[in-house]
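Beneath this line is the structure, given in C-alpha cells, with notes to follow.
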Amino acid sequence: MRPPRGRDLELGMGRKILRRDVLGGAGLGVAAAFGGKGAFAAMAEPSPQDQPGYYPPRLQGLRGSHPGSFEQAHALRDGAQTLRPLDTGEHYDLVVVGAGLSGLSAAYFYRKAHPNARVLILDNHDDFGGHAKRNEVVLGGETHLANGGTLEIDSPRAYSAVADGLLRDLGVDPITFEKAYHDRNFYAQRGMGLGVFFDKETFGEDRLVAGLPNVRDTLPTVEAVDRFLAATPLTDKARADLRRVFVGPVTAWPDKSSEVKKDLLSRMSYEAYLRDMVGVGPSALNVLHSITKGEWTVGIDAVSALDCWGFGFPGFLGLNLAPGPTDRMSFTPKGYCQGGSYVFHFPDGNASLARLLVRALVPEALSGKDAIDIVTARTDYAALDRQTSPVRIRLSSPVVSVRHDGPPNAASQVEITYLRGGRTYGVRASKVVMACWNMMIPYLCPDLPDGQKAAMHELVKEPLVYTTVGLSDWRAFEALKVASIWAPNGYFSSLYLNQKVAMGDYVGPTTPDRPTLLHLTRTPCAAGLPEHDQNRIGRSELLATSFETFERELRTQLAKILAPAGFDPAKTISAIIVNRWPHGYAPERNFLWEAELPDEALPQTLARKPFGRIAIANSDCGGGAYTDVAIEMAWRAVAELG
Ligand SMILES: Cc1cc2nc3c(=O)[nH]c(=O)nc-3n(C[C@H](O)[C@H](O)[C@H](O)COP(=O)(O)OP(=O)(O)OC[C@H]3O[C@@H](n4cnc5c(N)ncnc54)[C@H](O)[C@@H]3O)c2cc1C
C-alpha cells in the first residue's frame, strides 16, 4: 500500500495495526500441489500448526475464508489434477473431512459409539471450528473476544434430543447461562440503545438518530416511536408509513381468514407486502430495506413476508394472524429461540462449542474442566495432531480426493488425498464422513451418482462478512446513546458493540474509556434478483474485495456516523479482523422463486444419501444454517456408517 495521503491519512489508513493474515507455512502451494499447467516441484514444509507461536485466533486482517484456504478448491473446480499423493502409511477407522461443528460432532458421536476408534479430522483452514471462529484481540493489556462467524446457540425449531443431548454432554445450558453471565442491561443502564444512521445520499442528510425502540421483541409504545420518528430527517409521509409499520394498524385483507392471509404472505416478499398492502412509500422502504440481511443475507425484496412475520419483524399489527407455523415458513412464529437461547452466547460465539468438542476429542490440546473455563483456555495447536493421540486434527489440509478402493458396495477402505504446504498426501480409512461444504463434494468424490452430485451443486452457501474492530474506547457511542446501529444503504448494514458476557476469568467491556470490540456486518447482494442470483453476485464481490477496501470503507463509515461525538478513526481503531465468508449460511428453500417439493425430492435430501463407506454431514444437507442442524446431520451420518 502506498503511504496514505489526504482523506486516507485522516482516516488512519496508514496507522499501525497488525495486518498479518497468513500463518507461517500455511501459504498457498496451489500450483505445487496440482499437476498440469503451472505444476512445479513439490517442497517439503514442516507442519504449520506444530510451529512455536502458532495461534490463529489472534490473527488479524482477512480471516474467515482466509488467503491460503480456498485457492486449491477453486483450482480443483476449474479442472486442476492432483499429483500422485505421498503415502503417509496412516490408516484410520474414520476420517472426517471438515472441522466445523458438524465434523467435530461427527467425530464425537463416532468415538462415543466406538471408544477405541482412531479418527483423523482434516480441514482446509488454519484453525478448527469452520464458521465457529474465534477472534481474540489484546487491547490495552486486556483480552477481548468476539465471534468471527456463528454466534448464537439458536434455531427456529425446538432442539432435538440429539442436539440438546450434545450440549448437555458438553456442559452447556444456554438458559441457565443466559441468567448467570449475560448482562442484558449493560448498555441500557447507560441510556444506550438502537440507532439508525440516515445517510445524505439516500435521505438528503447525514444524521444518526438514537432511540429506535426494539420493534422485534416487544411491542413499542406509540410515544417512543413518535419520539424517534420526529428526530429523523424523513418526510411526514415516510414518518407516517413507518409509524404504521411499527405500531399499526394494518387493515389488509379484512375478509380473509388467518390461514389464507398466511398463504398470501408466503407468496410475496416483505417489500411487496409493505408497499402494496401497507402502503409504505419508497423512502420508508429504504429505511427498512436491509433489516433482513443479518438473518437471510439479502434485503427485504428477497425474503417472504411470512418469514418476516415469523421472525418478529414489524408491519403485521392488525392482521390478526393466528399463532403457529405453516408449511411454507422457515420460522415458527416468534420461535426463533426455541433451541438454545437467542440472548445468551459465549464471548467468542459458537467457537466455544467447537473448543469444547476439541477438548472432548483431544484433551491435551485444551486444558480445563467445564463450559465456563473454556472461554479463556488457550489451545495448544501442537497437540492437535500427535501420533499418540486416538483423535488427530490436521489443519491447513484441504482434501482433494475421496475414493473407494473398489466398487463402493464392495470396497474395503477409502483413500483420501489432501494437500499440505505444497505437497500431496494420502491416508486410508475404513469409513469417511464428508462434513465439508456439500457443493464441493462432487469434485472430491467424482464417483458419486450424477443425481446426487447435481443436488450437491445446488447447496451453495450464502455470502456475508463479520468484521471485528478493536476500539481503544467507546466514549463516542456513549455520548450518542447508541450500542447498536442500523445503517440502511451503508457499506456495512449494521454494527454493534460487543455485548457484556462475563464468564470465569473473562470480563469483556467495562467502562466507555476502556477498550472494546465492535462488530460490523456486510452482506453483499444485488437487490431485485432472485435470492441465489443475488448471492452469486455477492460471493464474487466478496472474493474480489481487498482488505484495504474493507478497512477504508469501515473507517469512512464510522467517521461519518460518529462524527457528532468527535470520533477519530485514526486514533480509536487499533485492530481490524475481516471475517470473510463467501460460503456462509447453508441455503434454505426460498418459495418466492423455488418450487415446493416433497421432502424426498429436496436437494438436501438427495445430497445426504450415504455412498458405500462414505456418509454426508454438514448443515448444508440439513437445509438450515443452524448449530442444531450441523449436529443432527453429523449424528445421522455416523448412524448410517454403523
Ligand atoms: C457469519 C455466520 C454467522 C452465523 N451465525 C449463526 C448463529 O448465530 N447461529 C447458528 O446456529 N448458526 C449460525 N451460522 C450458521 C453456521 O454455518 C452453522 O450453525 C454451523 O456452524 C455450520 O457448521 P458446519 O460444520 O455444518 O459447516 P462449517 O462451519 O462451514 O464447517 C465445514 C468445514 O469444512 C471445511 N472444508 C470445506 N471443504 C473442505 C475440504 N475440501 N477439505 C477439508 N475441509 C474442508 C470448511 O472450510 C469448514 O471449515 C452462521 C454462519 C456464518 C457464516
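Ligands are counted one by one from 1 in listed order, and the atoms in each one are counted from 1 as well. Position 1 is the first residue of the sequence, and the numbers go up from there.
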Which atoms of ligand 1 have any heavy atom of [X] under 4.0 Å away?
X	result
Gly584	53 (C)
Leu122	43 (C), 44 (N)
Leu444	41 (N)
Ser102	24 (P), 25 (O), 26 (O)
Ala630	23 (O), 26 (O)

I want to know if ligand 1 touches [X] in the polar sense, i.e. an N/O pair below 3.5 angstrom.
X	answer
Met440	no
Gly149	no
Trp581	no
Tyr466	no
Val97	no
Asp620	no
Glu152	yes
Ala625	yes

* To do: Can you tell me which residue pairs pass the side-chain hydrogen bond (donor to acceptor under 3.5 Å, both in side chains) test with a partner in residues 627-636, sequence neighbours excluded?
  =>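 Passing the test, one end in residues 627-636: Ser155-Asp628, Ser160-Glu632, Asn350-Thr627, Arg636-Glu640.
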
* Asked: Does ligand 1 have an atom under 4.0 Å from some heavy atom of Ala435?
  ->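 Right, Ala435 reaches ligand 1.
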
* Asked: Mind checking whether Pro398 has a heavy atom under 4.0 Å from ligand 1?
  ->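 In this structure, Pro398 qualifies as a contact of ligand 1 - some heavy atom is under 4.0 Å.
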
* To do: Step by step, work out the side-chain contact (heavy atoms from CB on, under 4.5 Å) result for Leu104 and Ile393.
  => CA-CA 9 Å; Leu104 295 170; Ile393 302 175; 4.2 Å; yes

Side chain, backbone, both or neither: the part of [X] lying under 4.0 Å from ligand 1 by heavy atom:
X	result
Trp437	both
His131	both
Asp154	both
Ile153	neither

* Asked: Can you tell me how far CG of Asp620 sits from CG of Asn438, rounded to the nearest 0.5 angstrom?
  ->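 Between atom CG of Asn438 and atom CG of Asp620 there are 4.5 Å.
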
* Asked: For His532 and Val460, what are the C-alpha separation, side-chain angles and deciding distance, and is it a side-chain contact (heavy atoms from CB on, under 4.5 Å)?
  -> CA-CA 9 Å; His532 299 313; Val460 186; over 6 Å; no

* **salt bridge (charged side-chain N to carboxylate O under 4.0 Å, His left out) partners of residues 98-111, not counting sequence neighbours, each pair once** =>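 Every candidate salt bridge (charged side-chain N to carboxylate O under 4.0 Å, His left out) pair involving residues 98-111 fails, so no pair, neighbours aside, qualifies.
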
* **side-chain contact (heavy atoms from CB on, under 4.5 Å) partner of Phe346, the single match among Leu145, Val172, Asn147, Val501** =>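 Going through Leu145, Val172, Asn147, Val501 one by one, the side-chain contact (heavy atoms from CB on, under 4.5 Å) with Phe346 is satisfied by Val172 alone.
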
* To do: Would you please indicate yes or no on a ring centroid separation below 6.0 angstrom for His125 and Phe70?
  =>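 Between Phe70 and His125, the centre distance exceeds or equals 6.0 Å.
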
* Before accepting this row, confirm whether a basic side-chain N of the pair Arg428/Asp405 lies closer than 4.0 Å to the acidic partner's carboxylate O. =>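 Judged by the 4.0 Å cut-off on N to carboxylate O distance, Arg428 and Asp405 do not form a salt bridge.
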
* Asked: For atom CZ of Arg77, is the number of surrounding heavy atoms from other residues, nucleotides or ligands below 6.0 Å larger than 12?
  ->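 Atom CZ in Arg77 is crowded, with more than 12 foreign heavy atoms closer than 6.0 Å.
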
* **The one among Thr150, Ile121, Leu395 that brings a heavy atom closest to atom 14 (N) of ligand 1** =>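 Ranked by closest heavy atom to atom 14 (N) of ligand 1, first place is Thr150.
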
